[in-house]
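Have a look at the structure below, then the notes.
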Amino acid sequence: MPPMLWLLLNFAAPALGFYFSISCPSGKQCQQALLSGNDILLYCNSSGAHWYYLFTQGKKGRLASLTNISNMEIMPEGSLLIKDPSPSQTGFYHCWNKNGHQVVQYEIDFQDISTLHVTHKDLGQRPLQNETLPLGSKELIFTRWEPWQDCNRCKEPGERKRLGYCYIEEPLKEAMPCWLYLGEMLVWSSRLRPELQVEACHVRCTNNTQLRVDYVIFDNFRLDEETEFVWLDCPLGSMYRPVNWHANDTPLTWESQLSGRDFTTFLDPSTGGRQLQVFQPAIYKCFVQQELVAQFNPATSPETLEAQWRENDAQWREARKALPGRADSLLKGLKLVLLVGTVLVLLGALLKFIRPSPGKRSKQVLMVK
C-alpha cells in the first residue's frame, strides 16, 4: 500500500473510536485464548496503573515491567493496549494500582494466526477433528468455539463468523489454551492451531449492533506498479467484529473466495477480513457491525486521463465536422422554401392575369411542359 494511504489509516483508526477489549472482574485471575496479529485491549480500571508481565516462552524470570515493550501501551485509564501481538507474547499480565496492589491478572494465549484453519459451513468444509497428544497422559487436543458473531449484513443475505481456539485437556483436569498448557515444551502437531468458521446468515436490521460513527473517505488509492495490487485496511475492523466489504456496491463474500470463484479481491483471513487485497480499481466500501465506516476511491491514472482526453477531443472534432454539414442542409432547405414560395406567387399572378372577364370566352391555353 502506498505510504500516504497507510499514514491516513493509522491516523484515522484512533480518531474514529476504540479497540476490541476483554475484561476481568477486579481482584480476579482470568484465562483467555486470543489470536496473534490482532490488536487487543486488556481492561484495568485503575488510573496510573502499572503493568507487569511474565512470558511462558523464552527465559524464565520474575515479573518485568511493560515500559520497554514497543507494541504495548498503558492507556490513561489504566488498560493495556497490545498492538499486533505475537505468539511469543503468550503469558501472564498483571495490573497493579498506584498503591502496589494487584487489580487484575490475565493469562493470555496469543495463538499463531499464520496457522489459522478456515472453513465455510455452506461449502461443506469441515473443522478440525479432536486428536490426542502423546505426552504420557493421552492429552486431548480440541477446539473450543466462541459464540457466533453478529451477521455482517442485515435485510440482505450476509455471513457471520466464529473463532475457535486450540485447547488441551488432561483426564479429570480443566482444559487450558494450548500454549499456556505447553509453555516451553517443544511439541509439534498440525492439530495445534486456531480456527475460523463462516456461515451464511439473513437477519432483520436493528440498532443494537451499530457503532454510530461517521465514516471516512480515502481518495486516490493506486495499484502498485510492480505487484499490481494494493491492500486496503478497514478502520475499526477486527477479527473480533463483523466486517463486510463492497466493490462498486457488490458484496464480497467468504463463500465466493473459499469456493475459488472470485480472484479480483482477497479477504485476509488473518485479520478477519479487516484487510482487503484488490487487483483492480473500483469504489470499495467497508462496513463494521453493519455500519459504513470507510470508502476507498481509486485514483485516476495518467493513462486513463489521457484516454478520456483523447475521447473527448475526438467527440469535439466530430461535432465540429457535423456543424458545417448541418448548416448547409439548413441553407438548402431555406432556399427550397423560398423557391417554392416564389413559384406559387408567380402562378397566382399568372392565373389572375389569364382569368377571363365576365361574359367573355377565353381562347388562350396555358401550357405546362
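Nothing here was measured: the structure is a model prediction, and the numbers come from that model.
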Check whether any side-chain heavy atom of [X] sits under 4.5 Å from a side-chain heavy atom of [Y], and report yes or no.
{"X": "Pro251", "Y": "Arg153", "result": "yes"}
{"X": "Phe229", "Y": "Phe266", "result": "no"}
{"X": "Thr119", "Y": "Val198", "result": "no"}
{"X": "His94", "Y": "Tyr53", "result": "no"}
{"X": "Thr265", "Y": "Tyr284", "result": "yes"}
{"X": "Val230", "Y": "Phe279", "result": "no"}
{"X": "Leu232", "Y": "Gln275", "result": "no"}

Item to check | disulfide bond (SG atoms under 2.5 Å apart) partners of residues 85-130, not counting sequence neighbours, each pair once | outcome: Cys44-Cys95
Next on the checklist: Considering only residues two or more places apart or on different chains, which pairs with a residue in residues 173-203 satisfy disulfide bond (SG atoms under 2.5 Å apart)?
Outcome noted: Cys151-Cys201, Cys166-Cys178
Distance-only, no hydrogens or angles: does the [X] side chain make a donor-acceptor pair with backbone N or O of [Y] under 3.5 Å?
{"X": "Asn220", "Y": "Phe296", "answer": "no"}
{"X": "Glu291", "Y": "Val288", "answer": "no"}
{"X": "Asp122", "Y": "Glu199", "answer": "no"}
{"X": "Ser256", "Y": "Thr253", "answer": "no"}
{"X": "Arg241", "Y": "Leu236", "answer": "yes"}
{"X": "Gln257", "Y": "Leu267", "answer": "yes"}
{"X": "Gln111", "Y": "Arg193", "answer": "no"}
{"X": "Asp109", "Y": "Trp179", "answer": "yes"}
{"X": "Thr132", "Y": "Lys138", "answer": "no"}
{"X": "Tyr106", "Y": "Cys24", "answer": "yes"}

Could you grab the distance from atom [atom1] of [X] to atom [atom2] of [Y], nearest 0.5 Å is fine?
{"X": "Asp39", "Y": "Thr271", "atom1": "CG", "atom2": "OG1", "answer": "11.0 Å"}
{"X": "Ser79", "Y": "Ile74", "atom1": "OG", "atom2": "CD1", "answer": "10.5 Å"}
{"X": "Asp219", "Y": "Gln295", "atom1": "CG", "atom2": "CD", "answer": "8.0 Å"}
{"X": "Ile141", "Y": "Glu139", "atom1": "CD1", "atom2": "CD", "answer": "8.5 Å"}
{"X": "Leu180", "Y": "Ile108", "atom1": "CG", "atom2": "CD1", "answer": "8.0 Å"}
{"X": "Tyr167", "Y": "Tyr181", "atom1": "OH", "atom2": "OH", "answer": "14.5 Å"}

Checklist entry - Val243 and Asn152: side-chain contact (heavy atoms from CB on, under 4.5 Å), yes or no, with the steps? => result CA-CA 6 Å; Val243 180; Asn152 62 5; over 6 Å; no
Checklist entry - Under the salt bridge (charged side-chain N to carboxylate O under 4.0 Å, His left out) test, which residues partner Arg191, sequence neighbours left out? => result none
Next on the checklist: My understanding is that only residues two or more places apart in sequence, or in another chain, count here; which of them pass salt bridge (charged side-chain N to carboxylate O under 4.0 Å, His left out) with Glu170?
Outcome noted: Lys173
Checklist entry - How would you list, by chain and number, every residue that makes a side-chain contact (heavy atoms from CB on, under 4.5 Å) with Leu123, sequence neighbours excluded? => result His120, Gln125, Glu255, Leu258, Ser259
Assess, by modelled atom type and distance only, whether the side chains of [X] and [Y] contain a donor and an acceptor separated by less than 3.5 Å.
{"X": "Arg160", "Y": "Gln149", "value": "no"}
{"X": "Thr250", "Y": "Asn248", "value": "no"}
{"X": "Thr264", "Y": "Gln280", "value": "no"}

Next on the checklist: Tell me whether Lys285 is salt-bridged to Asp249, with the criterion being a basic N under 4.0 Å from an acidic carboxylate O.
Outcome noted: yes
Item to check | Ionic contact status for Arg274 with Asp233, cut-off 4.0 Å | outcome: yes
Should [X] and [Y] be counted in the same cluster of Ile, Leu, Val, Met, Phe, Trp and Tyr side chains packed under 4.5 Å apart?
{"X": "Trp145", "Y": "Trp148", "value": "no"}
{"X": "Leu292", "Y": "Val203", "value": "no"}
{"X": "Ile113", "Y": "Ile22", "value": "yes"}
{"X": "Val187", "Y": "Leu128", "value": "no"}
{"X": "Phe263", "Y": "Val278", "value": "no"}

Mind listing the closest non-hydrogen atom pair of [X] and [Y] along with its distance?
{"X": "Leu41", "Y": "Tyr19", "result": "CB-CB, 4.5 Å"}
{"X": "Pro269", "Y": "Leu116", "result": "O-CD2, 3.6 Å"}
{"X": "Leu192", "Y": "Thr115", "result": "O-OG1, 4.4 Å"}
{"X": "Tyr215", "Y": "Ala294", "result": "CB-N, 4.0 Å"}
{"X": "Ser86", "Y": "Phe110", "result": "O-CB, 3.6 Å"}
{"X": "Phe20", "Y": "Ser238", "result": "CB-OG, 4.3 Å"}

Next on the checklist: Could you walk me through whether Thr143 and Glu195 satisfy the side-chain hydrogen bond (donor to acceptor under 3.5 Å, both in side chains) test, starting with their C-alpha distance in whole Å, then the side-chain angles of each, then the deciding distance to 0.1 Å, before giving a yes or no?
Outcome noted: CA-CA 8 Å; Thr143 296; Glu195 297 195 69; 2.6 Å; yes
Checklist entry - Pick from Leu252, Val293, Asn244: which one makes a side chain to side chain contact (heavy atoms under 4.5 Å, CB included) with Cys286? => result Val293
Next on the checklist: side-chain hydrogen bond (donor to acceptor under 3.5 Å, both in side chains), that's the test. Do Asn71 and Asp84 meet it? Break it down for me.
Outcome noted: CA-CA 7 Å; Asn71 68 327; Asp84 192 22; over 6 Å; no
Next on the checklist: Below 30° counts as parallel, above 60° as perpendicular, anything between as tilted: where do the rings of Trp96 and Tyr52 land?
Outcome noted: tilted
Item to check | Criterion side-chain contact (heavy atoms from CB on, under 4.5 Å) on Leu42 and Trp51, from CA distance to verdict | outcome: CA-CA 10 Å; Leu42 303 183; Trp51 282 84; 3.9 Å; yes
Checklist entry - With a distance cut-off below 6.0 Å to the six-membered ring centre and an angular limit of 45° from the axis, does Arg144 pair with Tyr165 as a cation-pi contact? => result no
Item to check | Pair Tyr240-Leu35, side-chain contact (heavy atoms from CB on, under 4.5 Å): steps then yes or no | outcome: CA-CA 10 Å; Tyr240 309 110; Leu35 294 172; 3.8 Å; yes
Next on the checklist: With side-chain hydrogen bond (donor to acceptor under 3.5 Å, both in side chains) as the rule and sequence neighbours excluded, what pairs involving residues 22-36 come up?
Outcome noted: Gln29-Glu107, Gln31-Glu107
Checklist entry - Can Ile168 and Met176 be said to form a side-chain contact (heavy atoms from CB on, under 4.5 Å), step by step? => result CA-CA 6 Å; Ile168 295 177; Met176 292 181 62; 6.0 Å; no
